[in-house]
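All remarks here apply to the structure that follows.
Just so it is clear, the model here is predicted, and its values are computed rather than measured.
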Amino acid sequence: MTGFLSFVKKETLHILRDPRTMLIALLMPVVQILLFGFAISTEVNNINVAVVVPHWSESVRQSVEKLSSNPYITYQGAIEAGEIDQHLRSGKTDAVVVFAHDYDKVLNEWKLNGNGETAMQFVMDASNTNIAQVGAGYLTNILAANQMSSAMIPETHMLFNPQMKSAFNFVPGIMGMVFILICGILTSVSIVREKETETMDVLLVSPVRPLRIILAKMVPYFILSCINLTSVLLLARYVLEVPMSGNLGAIIVVSLVYIALALALGLLVSTIAKKQVVALLISAAIMLMPIVFLSGIIFPVENMPSVLQPLSSIIPARWYIDAMRKLMIQGIGFIGVLKDFIILCIMTVVIIGIALKNFKDKLE
């Protein structure tokens, strides 16, 4: 145990050494230009919209038909009023259009008198501010432009993020990126540095078993990630005023699994690379860049080209960010993110298994 703690102390002393990130700093702008130019679209489309129609009339049918035929809208059909919250929380819909029971009568009053009751309401999921803000504008233009007086503005309700704060959208994404940076990239560089300087051979002949040496090198990064998790949650709650309405225990459990996954990714990269520069390049190529552009931090996954959407499913950060948004902003319990949690657990087990197998093969 004493030897193990000595290795932990040794790695802690070296954790802040220069990782030689200059090459990544030069390569990243090139990759970003390529992605922005060819793969990423900032236009929001494929907004999932459902309708609540207490009474079907010809005007309502025309409005729904106009909605369903719009290329920016994915029509999800009619639902009951009591199902609105369930559909928004589960992610089945991004917005719900609620028509008034006497829709035709209200329209006539507005056309004749220029005032009256609200003919329809837009209920939006504002946990993703980009989709909510643009979606509300789309719905207003589609449904209100030709059928209503300019003075008649639909009543819109923003759920989960009524003030449309961008921090609500970016905090989960930042968490997903920070843990990959600390656990994945730094861990891989640390292990490869030992191989590059040939001190790994010296460590492997010590009385401590090789797997314990690797575990000792990971412990400081795991502890550092836990500290970062605490600081991020505190800043998000008390500085950025992110509601944290979900289960705090679920947030911590899912985050710990994701941290373990990131450590496994770092170990896997270290079994492939022989130089620190190569480890940085591989880490940037398979971890950092996909997280930025394909995990949903900035651009909605639904807005990506069809060829990239399946690719985003193999990126762990996508499922972690989705789970954090549901837990922190939408207030869903652990059951609501069970799918994301299971996928992260499966990814963690698979990557750990591959990394340990490759590491043992290298020893042999």
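The two residues Thr93 and Ala50 come nearest to each other via the heavy atoms CG2-CB, 3.7 Å. Nearest heavy-atom pair, Cys226 versus Ile259, reported as atom, atom and distance to 0.1 Å: N-CD1, 4.4 Å. The two residues Pro172 and Tyr320 come nearest to each other via the heavy atoms O-CE2, 4.4 Å. Nearest heavy-atom pair across Pro316 and Leu344 is O-CD2, 3.5 Å.
Taking CG of Leu263 as the start and CG of Leu268 as the end, the distance is 12.5 Å to the nearest 0.5 Å. The OG atom of Ser127 sits 13.5 Å away from atom CE of Met324, with the distance rounded to the nearest 0.5 Å. Atom CG of Leu338 sits about 10.0 Å away from atom CD1 of Ile343, to the nearest 0.5 Å. Rounding to the nearest 0.5 Å gives a distance of 7.5 Å between NZ of Lys326 and OG of Ser90. The CD atom of Gln76 lies 4.5 Å from the CG atom of Asn48; values are rounded to the nearest 0.5 Å. With values rounded to the nearest 0.5 angstrom, Ile47 atom CD1 is found 4.5 Å from Ile73 atom CD1.
Annotation: side chain of Leu233 is in contact with side chain of Ile251 (closest heavy-atom distance under 4.5 Å). In this structure, Met124 and Leu139 have side chains that are in contact, with non-hydrogen atoms separated by less than 4.5 Å. Counting heavy atoms from C-beta outward, Tyr75 and Val64 have side chains that approach closer than 4.5 Å. Annotation: side chain of Asp125 is in contact with side chain of Gln330 (closest heavy-atom distance under 4.5 Å). Taking the side chain as every heavy atom from C-beta outward, Val254 and Phe334 approach each other to under 4.5 Å. Looking only at side-chain heavy atoms (C-beta outward), Thr74 and Val49 stay at 4.5 Å or farther from each other. At least one side-chain heavy atom of Phe122 sits under 4.5 Å from a side-chain heavy atom of Val97. No side-chain heavy atom of His55 sits under 4.5 Å from any side-chain heavy atom of Phe99.
The same ILVMFWY cluster, assembled from side-chain heavy atoms under 4.5 Å apart, contains both Met328 and Leu229. Under the 4.5 Å side-chain heavy-atom criterion for ILVMFWY residues, a single connected hydrophobic cluster contains both Phe341 and Ile352. Grouping the Ile, Leu, Val, Met, Phe, Trp and Tyr side chains by contacts below 4.5 angstrom, directly or via other members, places Ile346 apart from Val349. A single hydrophobic cluster is not seen to contain both Leu248 and Ile332; linkage of ILVMFWY side chains at heavy-atom distances under 4.5 Å, directly or through other members, places them apart.
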Give the table of side-chain donor-acceptor pairs shorter than 3.5 Å for residues 80-88, with sequence neighbours excluded, one pair per line with atom names and distance.
from, atom 1, to, atom 2, distance (Å)
Glu83, OE1, Glu80, N, 3.3
Asp85, OD1, Arg89, NE, 3.2
Asp85, OD2, Arg89, NE, 2.8

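For residues 265-288, no residue pair satisfies the ring pair (Phe, Tyr, Trp, His ring centres under 6.0 Å) rule, not counting sequence neighbours. Evaluation of the ring pair (Phe, Tyr, Trp, His ring centres under 6.0 Å) test over residues 270-289, restricted to residues two or more places apart or in two chains, returns none. Applying the side-chain hydrogen bond (donor to acceptor under 3.5 Å, both in side chains) test to pairs two or more places apart or on separate chains, none has a residue in residues 337-352.
The side-chain hydrogen bond (donor to acceptor under 3.5 Å, both in side chains) test applied to Ser312 returns Arg318, not counting sequence neighbours. With sequence neighbours excluded, no residue satisfies side-chain hydrogen bond (donor to acceptor under 3.5 Å, both in side chains) with Asn247.
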Working note: Val337 + Trp319, criterion side chain to side chain contact (heavy atoms under 4.5 Å, CB included); need CA distance, chi angles, decisive distance, verdict.
CA-CA 9 Å; Val337 298; Trp319 306 105; over 6 Å; no
